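Have a look at the structure below before the remarks.
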2 protein chains.
Amino acid sequence: MKLSEEEKQRRLRSFIRAARQAGIKLTHQRLEIFREIAGDGRHPDVESIYKRVKKRIPPLSIDTVYRTFSVLEREKVLAKVSVFCNRARFDSNMEPHHHFVCRRCGAVRDFFSHELDRFHVPEEVKPWGDVDTVYVELRGTCAECAGKASAEKTEDRRK
Amino acid sequence: MKLSEEEKQRRLRSFIRAARQAGIKLTHQRLEIFREIAGDGRHPDVESIYKRVKKRIPPLSIDTVYRTFSVLEREKVLAKVSVFCNRARFDSNMEPHHHFVCRRCGAVRDFFSHELDRFHVPEEVKPWGDVDTVYVELRGTCAECAGKASAEKTEDRRK
DNA sequence: CCTCCTGATAAGAATAAATCTTATCTAAGA
DNA sequence: TCTTAGATAAGATTTATTCTTATCAGGAGG
């Protein structure tokens, strides 16, 4: 899935704007890394971006790719797909169901939904393959963490 | 979230039945590990299960926990939460959208859905916390992999 | 109840993804 | 051009997961 040149340029401009706004340095590495994802709609992983950009910037270290991604994520220029997967979690409930996940503490709770059970796979998706599961993740902040957050207040630096 | 003793016993029986059926040995370790997750609805991770069971079986190795989980998963006794997260993937499309994910090759494709955009958070979920994102993952087999699969035929043993 | 054999286990080594450390280096404002 | 805070490369480190190998034990058959 190649993206149009137009869309790629639009994303590149939005990245440069976001970087300027956030007071973040526009290094050669960052531009090339971003250029690489902005031109690829297939959700590449770190490794493949690293390999591709390294061809153009041989001394590139993979750490720079990771750092650039976390900057881009923080600046809301790109999103991590499947965020809550640092550690495998298991579910002994084999009934089809969905999850509410807290972004802060990672807590997971199950829920069922008739509305979702009746969901129809969109026409545009059908030619891509066969869907066997509709999985929904409601992401947000659990009541407990919301309490802590209001106490700690603006403690946002993640380091 | 403690599960009822009744539900726990039901899951334990279903595990024992599945194990017998699959010709899998019902070892002390496996029973204790399963007992631990079957009694916990909070989707524990490997590490915490390991710690808890180790109290009862001190020589337990964490590898056994991993192996037991993969057996349980294969026998459809439990499911891994957030399956496609072995490697971080990124998305430069910041418009709210959803994904179709192929279980075989891990390919990800975007789609939009007005039906999902109108989704209402179920009443039962509301007291748990605030939802800011409704993320939907349609899981299945992409057309390309379906082709390969019919060629390779029943090659399902994963090791 | 005993024996045997296959599959399971413990222990520690090996891998792999992601992050940290430290000594340079550089973007960009003065 | 000069300065400096923030960025980079390289390699070490951490952390989750898997592999290796030498025992061990479940459970089928006697």
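The chains referred to below are lettered A, B, ... by the order of the sequence lines, with proteins before strands, and numbering in each begins at 1. Because the structure is predicted, anything quoted here is derived from the model rather than measured.
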> Is there a side-chain hydrogen bond (donor to acceptor under 3.5 Å, both in side chains) between Asp110(B) and His98(B) once you walk through the steps?
Replying inline: CA-CA 6 Å; Asp110(B) 298 348; His98(B) 309 287; over 6 Å; no

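Among the nucleotides dA9(D), dA8(C), dA11(C), the one closest to the side chain of Lys25(B) is dA8(C). Nearest nucleotide to the side chain of Ser61(B), out of dA10(C), dT19(C), dA9(D): dA10(C). For Asp63(B), counting side-chain heavy atoms from C-beta on, the closest listed nucleotide (dA10(C), dC19(D), dG26(D)) is dC19(D). Set against dA7(D), dA10(D), dT17(D), the side chain of Arg30(A) has dA7(D) as its closest nucleotide.
At least one side-chain nitrogen or oxygen of Tyr66(A) sits closer than 4.0 Å to the OP1 or OP2 atom of dA18(C). Considering only side-chain N and O atoms, Arg67(B) lies nowhere under 4.0 angstrom from the phosphate OP1 or OP2 of dT18(D). Distances shown here put every side-chain N or O of Gln29(B) at or beyond 4.0 Å from the OP1 or OP2 atom of dG26(D). Phosphate contact (OP1/OP2 of dT8(D), side-chain N/O of Thr27(A), threshold under 4.0 Å): present. Side-chain N/O atoms of Thr64(A) include one lying less than 4.0 angstrom from OP1 or OP2 on dA9(D).
When each of Lys8(B), Arg52(B), Arg30(B), Arg11(B) is checked for a salt bridge (charged side-chain N to carboxylate O under 4.0 Å, His left out) with Glu36(B), only Arg52(B) meets the rule. Tested against Pro122(B) for a side chain to side chain contact (heavy atoms under 4.5 Å, CB included), the candidates Phe112(A), Phe100(A), Phe111(A) yield a single pass: Phe111(A).
DNA chain D is contacted by both Ile62(B) and His28(B); Ile62(B) maps to the nucleotide lying nearer its 5′ end (nearest heavy atom per residue). Position along DNA chain D of the nearest nucleotide to Thr68(A) versus Ile24(B) favours Thr68(A) as the more 5'-ward residue.
One interatomic measurement links the two molecules: CD of Glu73(B) to P of dT17(D), which rounds to 12 Å at whole-angstrom precision. As a whole-Å value, the separation of Leu31(A) CG from dT8(D) C1' is 15 Å. Nucleotide dG26(D) holds its C1' atom 11 Å from the CZ atom of Arg20(B), rounded to whole Å. One atom, CD of Glu75(B), and another, P of dA8(C), lie 10 Å apart when rounded to the nearest Å. Atom-to-atom, CD1 of Ile57(B) to C1' of dA8(C) comes out at 13 Å; the value is rounded to the nearest Å. Taking atom OH of residue Tyr50(B) and atom C1' of nucleotide dT15(D), one finds them 14 Å apart after rounding to whole Å.
Between the CG atom in Asp132(A) and the CG atom in Leu138(B) there is a gap of 10.0 Å [rounded to 0.5 Å].
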